[in-house]
K.L.:
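Starting off with a structure, shown below.
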Amino acid sequence: MGYLEFFWALSPLDLVRETFVHIHAWLSERTVDPDEAEFLADMNRKVDWNDDVEKDEFIGLMEYFHERSSSSEDLSWPEVFISSRGNEYFCEIDEDYLTDRFNLTGLNTDVQYYQYALDLVTDVFDLDCDDDMREQIEKSARHLYGLVHARYITTTRGLAKMLEKYKKGDFGKCPRVTCNAHPLLPTGMADLPHVQSVKLYCGKCEDLYNPKSSRHANIDGAYFGTSFQNILFQVYPALIPEKTIERYQPRVFGFKVHAAAALERWQSSKREEMQERLRETGMEKCFKEDVELEDDMEEDEEEVAGLDGADDVLAE
Amino acid sequence: MSTSSGSPESWISSFCGLLGHEYFAEVSEDFIEDDFNLTGLQNQVPMYKEALEMILDVEPEEDEEEEEEEEEEEDEEEDEDNDVEMRDENGNSVPYRRGAERRHMKVANDITEIESSAELLYGLIHQRFITSRPGIQQMADKYELQHFGSCPRVFCNQARVLPVGCNDIPGQETVKLFCPSCLDVYTPPNSRFQSVDGAFFGTTFGCLFFMTFPEFDVSAKGDPLNLAATHPAYAAPSPTSQAATNPAAAETVKHSRSSSLTSTPVTATVNPNLPASLTPEPLPVQPSHLNGIATSNLAPGLGPGRIHEPRIYGFRVSERSKTGPRMKWLRMRPADMNELDESRRWHDSYGGTEDDVQIGGGGENGGAQVEVPSGRRKKAARSRKRGVGVMDPGAVNGGGLEAL
Ligand SMILES: [Zn+2]
Ligand SMILES: [Zn+2]
């Protein structure tokens, strides 16, 4: 019952509750051995079933559990790495890419036990060493894999793989209400390792957010890099989300708050200045509202022209 | 009855103890018992009377005296024609007993309905309660204890958020979190809040809170995420230093000395500790208060150094590129906050005094400013009056309001 112990060791009790139901359903599809039966009974006793689970925590846990339960001995090192809890943002680097020395240029100075780490990552590791050493090399291998990952995801193949994950919403949704749960992309704020943990970029509001789950707080942002999300949108311009000038307006008893409204007006003037600058490039209609306004104008030009307070109405 | 500190099994405390109800304050019983606070709710909540009784834990118990039950029974008969008919058919021998049985069945059938009505009613009362003096104070205590979490936006540096609604009508939207540091709203990180109605917090609470407690410093403390290490552009000092002309803000500058030293400050020109060579363009003296609030408390998570700068291999992505940044304005804030002093700028250009456009005083840190464009004065004055019942606007410290 190795994986079950593992599971117990890693899962805080509050994560287990809903997971239990699914594990139960999953186990009932195959024969339950006595160890597992005991484990389930134990779980029943220990868990306070009145707690709730964050959805992504739950899914992560389930994936982790499934990964653990399938015979992990057969998996390659990268496969195990990718399916490990906390590594959900990574895509799998092609073996070809990983074994081409050209792609690893310069990384040997940054990674301890570089050769051993590379051997481990490419599954040709056969050094007989103690556990401490093995752990050191394992750590180096993860670091190496991350650094190669940052390079890989800006290649055609890598971009396509990350795009798939983006479309599935593997990186979460933008928490900003106005962004309407737009999917996020992982990004680094620095390209050097050990500077900043991974952040999430929303293409709609163009801002950075902290990952919800603490298990991502320790993932180095350099494993994704600062360029990736911008390259993705350059390669796939059709994916650039529609931007909107819609925003939250703080109100008190229905009134706008003067301080916030003054800032908002100032920001709007900055936006108009930008659109003015963009006019000569022909890209000044960059917001949903510009396009909509144009459509409306075409449809009922006269009505709009006759309406004095049209701006007020739109602003409400 | 004094405040909410009732018995632990009260309906209110058990409601607030439910999973996902962590944001709720415990409405005091005297607030609910004051009919004035419930004005208009009768029409919004089905089974209003039963719901109110449930909230206040005054529902009759099973083991009550028969006499009381009789009275109850008679009350019911007055209300419901059905009961009267039943009694006519069955004669007088066992009407009370049968009635009691029926009542228990009815309770069992309706209990879930009353329960949901009670939750709706509590939510609507809650919306009003948290804009009242004791309610907003209770929420302040919860805010200080970090019950509402922090802003997910990286540049807000874990600023604490408040639960708000984007709508005052129930059933429209779930509860959101308002960040005073970026003046934006976010979906709570945990899915359990996706079943909590935003109207139970309402649209007014978020801003009223920070107007009521101007002493809450919403600017980031230090640099918990160590953004300064990430890129020199992000090492801009806490915008608090913009108000360094007042002693309190100068103190804050001292606290964040480490970040000031490693940075290329955009706005810290008023900091006398820095040599002149490090302070490129001197800014005019910054106002300590602007439009009714402390300048350092106005969206400190926005502005220079707090805007994401897209880069490819270290080079900034040009605005003129198709993939160039288009949303920076949303996170902008003037380096020179005088730019937001609209009335002064307007009067500098056109003459006149501020009193021409403002009702309700104003001044640097005055009472609630209601700024009313011409032709809308009446409406604004009326609405302001309406606010009195719930929250005396005189108690609001600073912060101006504008007509729609
Ligand atoms: Zn967004
Ligand atoms: Zn924020």
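Hydrogens, waters and symmetry mates are skipped; everything else that's a heavy atom, side chains included, is used. In what follows, every chain begins at residue 1, and chains take the letters A, B, ... in the order their sequences are listed.
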K.L.:
Can you tell me how far the OG atom of A/Ser268 sits from the CE atom of B/Met332, to the nearest 0.5 Å?
P.N.:
11.5 Å

K.L.:
Between A/Asn230 and B/Pro310, is there a donor-acceptor pair closer than 3.5 Å when you use the side chain of the first and the backbone of the second?
P.N.:
no

K.L.:
Are the side chains of A/Pro250 and B/Val185 in touch, meaning some heavy atoms are under 4.5 Å apart?
P.N.:
no

K.L.:
Please state whether the side chain, the backbone, both or neither of A/Leu278 comes within less than 4.5 Å of a heavy atom of chain B.
P.N.:
side chain

K.L.:
What's the shortest heavy-atom distance between B/Glu339 and A/Trp266, and which atoms?
P.N.:
OE1-NE1, 2.7 Å

K.L.:
Any non-hydrogen side-chain atom of A/Tyr201 less than 4.5 Å from a side-chain atom of B/His308?
P.N.:
yes

K.L.:
What part of A/Glu273 gets within 4.5 angstrom of chain B, counting heavy atoms only: side chain, backbone, both, or neither?
P.N.:
neither

K.L.:
What residue, out of A/Gln229, A/Gln196, A/Lys270, A/Gln275, has the most heavy-atom pairs lying under 4.5 Å from chain B?
P.N.:
A/Gln196

K.L.:
Hey, could you give me the SG/CZ distance between A/Cys205 and B/Arg153, rounded to the nearest 0.5 Å?
P.N.:
9.0 Å

K.L.:
Test your reading of the model: is there a side-chain donor-acceptor pair from A/Lys212 to the backbone of B/Pro189, 3.5 Å cut-off?
P.N.:
yes

K.L.:
A side-chain contact here means heavy atoms from C-beta on lying under 4.5 Å apart; do B/Val154 and A/Met189 qualify?
P.N.:
yes

K.L.:
Can you tell me how far NE2 of A/His258 sits from CE of B/Met211, rounded to the nearest 0.5 angstrom?
P.N.:
11.0 Å

K.L.:
For chain B, which of A/Thr281, A/Leu192, A/Leu263 has the most heavy-atom pairs under 4.5 Å?
P.N.:
A/Leu263

K.L.:
Is chain B contacted by the side chain of A/Phe287, its backbone, both, or neither, given a heavy-atom distance below 4.5 Å?
P.N.:
side chain

K.L.:
Mind ranking B/Thr203, B/Leu183, B/Thr323 by heavy-atom pairs under 4.5 Å with chain A and telling me who comes out on top?
P.N.:
B/Thr323

K.L.:
Count the heavy-atom pairs under 4.5 Å between each of B/Val317, B/Thr187, B/Ile307 and chain A, then report the option with the highest count.
P.N.:
B/Thr187

K.L.:
At a heavy-atom separation under 4.5 Å, does A/Glu264 approach chain B through its side chain, its backbone, both, or neither?
P.N.:
neither

K.L.:
Salt bridge or not between A/Arg176 and B/Asp184? Use side-chain N to carboxylate O under 4.0 Å.
P.N.:
yes

K.L.:
Could you tell me which of B/Pro152, B/Cys166, B/Ser321, B/Cys151 has the largest number of non-hydrogen atom pairs under 4.5 Å with chain A?
P.N.:
B/Pro152

K.L.:
Could you measure the distance from the CZ atom of A/Arg247 to the CE atom of B/Met327? Nearest 0.5 Å is fine.
P.N.:
8.5 Å

K.L.:
What's the shortest heavy-atom distance between B/Asn291 and A/Ala262, and which atoms?
P.N.:
ND2-CB, 3.5 Å

K.L.:
For B/Thr204 and A/Phe253, indicate whether the former's side chain and the latter's backbone hold a donor-acceptor pair under 3.5 Å.
P.N.:
yes

K.L.:
Do you know the tightest heavy-atom contact between B/Leu330 and A/Gln267?
P.N.:
O-NE2, 3.3 Å

K.L.:
Look at A/Glu206 together with B/Arg331 and state whether they make a salt bridge at an N to O cut-off of under 4.0 Å.
P.N.:
no

K.L.:
Please identify, among B/Glu173, B/Arg320, B/Lys176, the residue contributing the most non-hydrogen atom pairs under 4.5 Å to chain A.
P.N.:
B/Arg320

K.L.:
What part of A/Lys204 gets within 4.5 angstrom of chain B, counting heavy atoms only: side chain, backbone, both, or neither?
P.N.:
backbone

K.L.:
Need one label for A/Ile240: side chain, backbone, both or neither, based on atoms under 4.5 Å from any heavy atom in chain B.
P.N.:
side chain

K.L.:
Once you measure the plane-to-plane angle for A/Tyr248 and B/Phe178, does it fall in the parallel (<30°), tilted (30-60°) or perpendicular (>60°) bin?
P.N.:
tilted

K.L.:
Which residues pass the ring-ring contact (aromatic ring centres under 6.0 Å, His included) test with A/His194, not counting sequence neighbours?
P.N.:
A/His143

K.L.:
CH2/B/Trp329 to OG/A/Ser269 distance, rounded to the nearest 0.5 angstrom?
P.N.:
11.5 Å

K.L.:
Is it the backbone or the side chain of A/Thr244 that comes under 4.5 Å from a heavy atom of chain B, or both, or neither?
P.N.:
backbone

K.L.:
Counting only non-hydrogen atoms closer than 4.5 Å, does A/Arg271 touch chain B with its backbone (N, CA, C, O), its side chain (CB onward), both, or neither?
P.N.:
both

K.L.:
Provide the closest heavy-atom pair for B/Pro325 versus A/Met274 in the form atom of the first, atom of the second, distance.
P.N.:
O-SD, 4.0 Å

K.L.:
Is any side-chain heavy atom of A/Asp191 closer than 4.5 Å to a side-chain heavy atom of B/Tyr313?
P.N.:
no

K.L.:
Ignoring hydrogens, what is the shortest heavy-atom contact between B/Phe155 and A/Asp207? Give both atom names and the distance.
P.N.:
CD1-OD1, 3.9 Å

K.L.:
Between A/Ile245 and chain B, with a heavy-atom cut-off of 4.5 Å, which part of the residue counts as in contact: side chain, backbone, both or neither?
P.N.:
both

K.L.:
Are there over 12 heavy-atom neighbours, none belonging to A/Arg279, within less than 6.0 Å of that residue's CZ?
P.N.:
yes

K.L.:
Which atoms form the tightest heavy-atom contact between B/Lys322 and A/Pro237, and what is the distance?
P.N.:
NZ-CB, 4.2 Å

